[in-house]
Amino acid sequence: MAAAEEVLGCAPFGVPADRAPEDTREASEKRLDVSPETVEAAFGNDAGESFTDTLAAARRLAAAGRDVAATQTYVALLRQDPTHLAALCELGALACARGHRSAARTAYTQAVRYHPGSAVARISLGNILAANGDPVQARLHYEAALAADPERAEAHQGLARVFPELACETSRGACSAVKLHWEKGFRGHAMVSRPYRGTGPAPSVLLLVAACGGNIPLRHWINDRCYAVTVIYADFHDPAQDLPPHALVVNAIGDADLCGRALAGAAQVVARSTAPVMNQPARVAATGRVANARRLRAVPGVIAPRTVSLPRRDILAAEDWRFPLLLRAPGFHTGRHFVRVEHHEALARAVAALPGEELLAIEYLDARGPDGMARKYRVMFIDGAAYPLHLAISADWKVHHFTSGMAERADHREEERRFLADMPRVLGARAMAALAGIASVLGLEYAGVDFALAPDGSVLLFEANATMVINPPDPGPIWDYRRPVAAAVLGAVADMLRRRGEEGQGLCPWTPLKAEP
């Protein structure tokens, strides 16, 4: 259960590429509570209806995709019996599916409180904690689940994922204990099917992901209300296993530096399928930071940083570094394990603080404008078209929209608004031509690029790959100028997937989602 929920966005893989580990939107999530009138409506007028019958009704509502009614019914049940394990866990799963992570955590915490020996409750709570950036507490619950059920695959999966986030682990999957969890968690459990809960016909999707992380967050487009989804963990998939019927293959594996094994497995799956594919694995595999810096440097109008991947001992031994120098542990995002080294005397300390046996050494490109502020533009490439997504302006060299202080600077938001309203005018012809060249080299249906502008209008490349996430703007009127832009990009992805799904089904009828009653 946990594995498939993660893929569909209930407990996202790792941390989205432009979102802090803590989900800043949780504070605005709705509490799952209902009025006495709702309780009466959930139970109906028949006072003799049994708890079991009402639980079955809640499950039918959830299976039919009537999430609001199902939520109300589960809450009404829990007013009768706040300790009921199935109702608590199913309410938590439904809250996850609706994006209410705080409410899901409340339900799972209650389930663990009353049923500490339940592996399902422990795993579910562990998944939420891990998604919220708390691997220490998540580990405790996964281990408690294994104490109750030593062979529980989902608990092994959870431990395999959180161990690399803990201070005691210096590399991904390096120790035998972690390798054991990877094998027990995913070997023989690499294919997970999800029931379709939408209305009308929908394409069947084969969703390729990496168990180790580095996946594109897809919860805004691919869910069980829109598609019948089968998830394949490509790094553990058995090539001899038959593929289920499907109309579309979506390769969600995005991080070439982290997911080499998964991309190789995904390529094997794609080779056996005749369905349309979003993001061919071989093209994603070519987007590692070293390879990208080399090949995109050849695009006119692109200034790409010199980038090498070296064992830490070789980084320390080299004498010809130019400072400041950027050091990065491969496979991490949102600025984690990414440092700027100002001079040679600070090199050893910086190397010692980063995980992994090999590190990326990256030439520092000065992204500051005349005002001394660093800028980072993000543009998405969807099915060959370029869409502006955001501009972040910061006094720090490491720029992310969620840490940039844009909320405090009306002038910076106005600059971003102008970029979103008229990207070609703001960037200029040289940068627009460079972006078109980058998109052509990548050759991906879904990708993005982070960059700044050089004084001559060239693109100062930070990264270009498929790991870019499209987050809807936070609540509040100050971000209203961003909402149509984000909606346009999300809509472009949804349209692309719909077209390819229809193509794979032989242009079968498409039924839009109906509004919930």
Side-chain angles (χ1 to χ4, degrees), residues 17-20 24 293 296-297 299-307 322-328 333-336 338-343 346 362-380 386-435 438 448-464 468-471 473-474 476-486 489:
D18 198 26
R19 176 66 61 178
T24 58
L296 295 179
R297 188 180 298 117
V299 175
V302 173
I303 301 173
R306 289 183 291 274
T307 305
R322 293 179 59 185
F323 294 92
L325 174 71
L326 304 183
L327 293 181
R328 185 166 204 153
H333 298 275
T334 65
R336 298 175 64 228
F338 184 27
V339 298
R340 187 170 89 166
V341 185
E342 300 296 339
H343 45 76
I362 305 171
E363 177 189 9
Y364 171 68
L365 297 181
D366 192 344
R368 292 174 296 179
D371 59 357
M373 305 295 286
R375 284 162 172 79
K376 185 183 78 172
Y377 299 85
R378 174 167 292 184
V379 171
M380 300 300 300
Y387 295 82
L389 187 63
H390 66 234
L391 163 63
I393 306 173
S394 174
D396 191 5
W397 67 273
K398 193 190 315 186
V399 188
H400 295 93
H401 205 282
F402 63 86
T403 61
S404 62
M406 296 287 287
E408 287 75 48
R409 293 289 300 265
D411 56 334
H412 288 174
R413 295 196 301 276
E414 172 59 20
E415 185 176 341
E416 181 182 34
R417 186 199 64 75
R418 291 195 299 269
F419 164 62
L420 298 178
D422 194 346
M423 177 172 63
R425 181 175 181 179
V426 169
L427 297 184
R430 183 172 178 80
M432 290 300 297
L435 292 177
I438 292 171
V449 56
D450 285 346
F451 63 96
L453 287 179
D456 69 350
S458 297
V459 164
L460 294 177
L461 180 70
F462 297 148
E463 63 176 310
M468 307 291 181
V469 63
I470 305 169
N471 276 321
D474 287 334
I478 65 171
W479 304 117
D480 285 350
Y481 69 95
R482 296 185 59 212
R483 300 189 199 288
V485 175
V489 185

Quick one: [atom1] on [X] to [atom2] on [Y], what's the gap to the nearest 0.5 Å?
X    : Y    : atom1 : atom2 : value
D456 : R430 : CG    : CZ    : 5.0 Å
F419 : L389 : CZ    : CG    : 8.5 Å
K376 : I393 : NZ    : CD1   : 12.5 Å
H412 : L391 : NE2   : CG    : 9.0 Å
L325 : I362 : CG    : CD1   : 8.5 Å
L460 : I303 : CG    : CD1   : 5.0 Å

Heavy atoms only: give me the nearest [X]-[Y] pair and the separation to one decimal.
X    : Y    : value
P388 : V489 : O-CG2, 4.1 Å
M406 : R413 : O-NH1, 3.0 Å
P305 : A293 : O-CB, 3.2 Å
A431 : L453 : CB-CD2, 3.7 Å
P473 : A486 : CD-CB, 3.7 Å
A452 : A367 : CB-CB, 3.6 Å

Do NZ/NE/NH1/NH2 and the carboxylate oxygens of D366 and R368 come within less than 4.0 Å?
yes

Go through Y387 and V485 one step at a time and tell me if the side-chain contact (heavy atoms from CB on, under 4.5 Å) criterion holds.
CA-CA 8 Å; Y387 295 82; V485 175; over 6 Å; no

Under 6.0 Å from the CZ atom of R425, do we count more than 12 heavy atoms belonging to anything else shown?
no

Residues pairing under salt bridge (Lys or Arg N to Asp or Glu O under 4.0 Å) where one sits in residues 476-485, two or more places apart or in two chains, turn out to be E416-R482, D480-R483

Pair N471, H390 - check side-chain contact (heavy atoms from CB on, under 4.5 Å), show working.
CA-CA 10 Å; N471 276 321; H390 66 234; over 6 Å; no

Give the ring-plane orientation class for F451 versus Y377, where under 30° counts as parallel, over 60° as perpendicular and anything between as tilted.
parallel

For the residue pair R340 and Y364, would you count it as a cation-pi contact if the rule is NZ or CZ under 6.0 angstrom from the ring centre and within 45 degrees of the ring axis?
yes

Quick one: are E408 and I478 in side-chain contact, heavy atoms under 4.5 Å?
no

Do the side chains of L435 and M432 get nearer than 4.5 Å, heavy atoms only?
yes

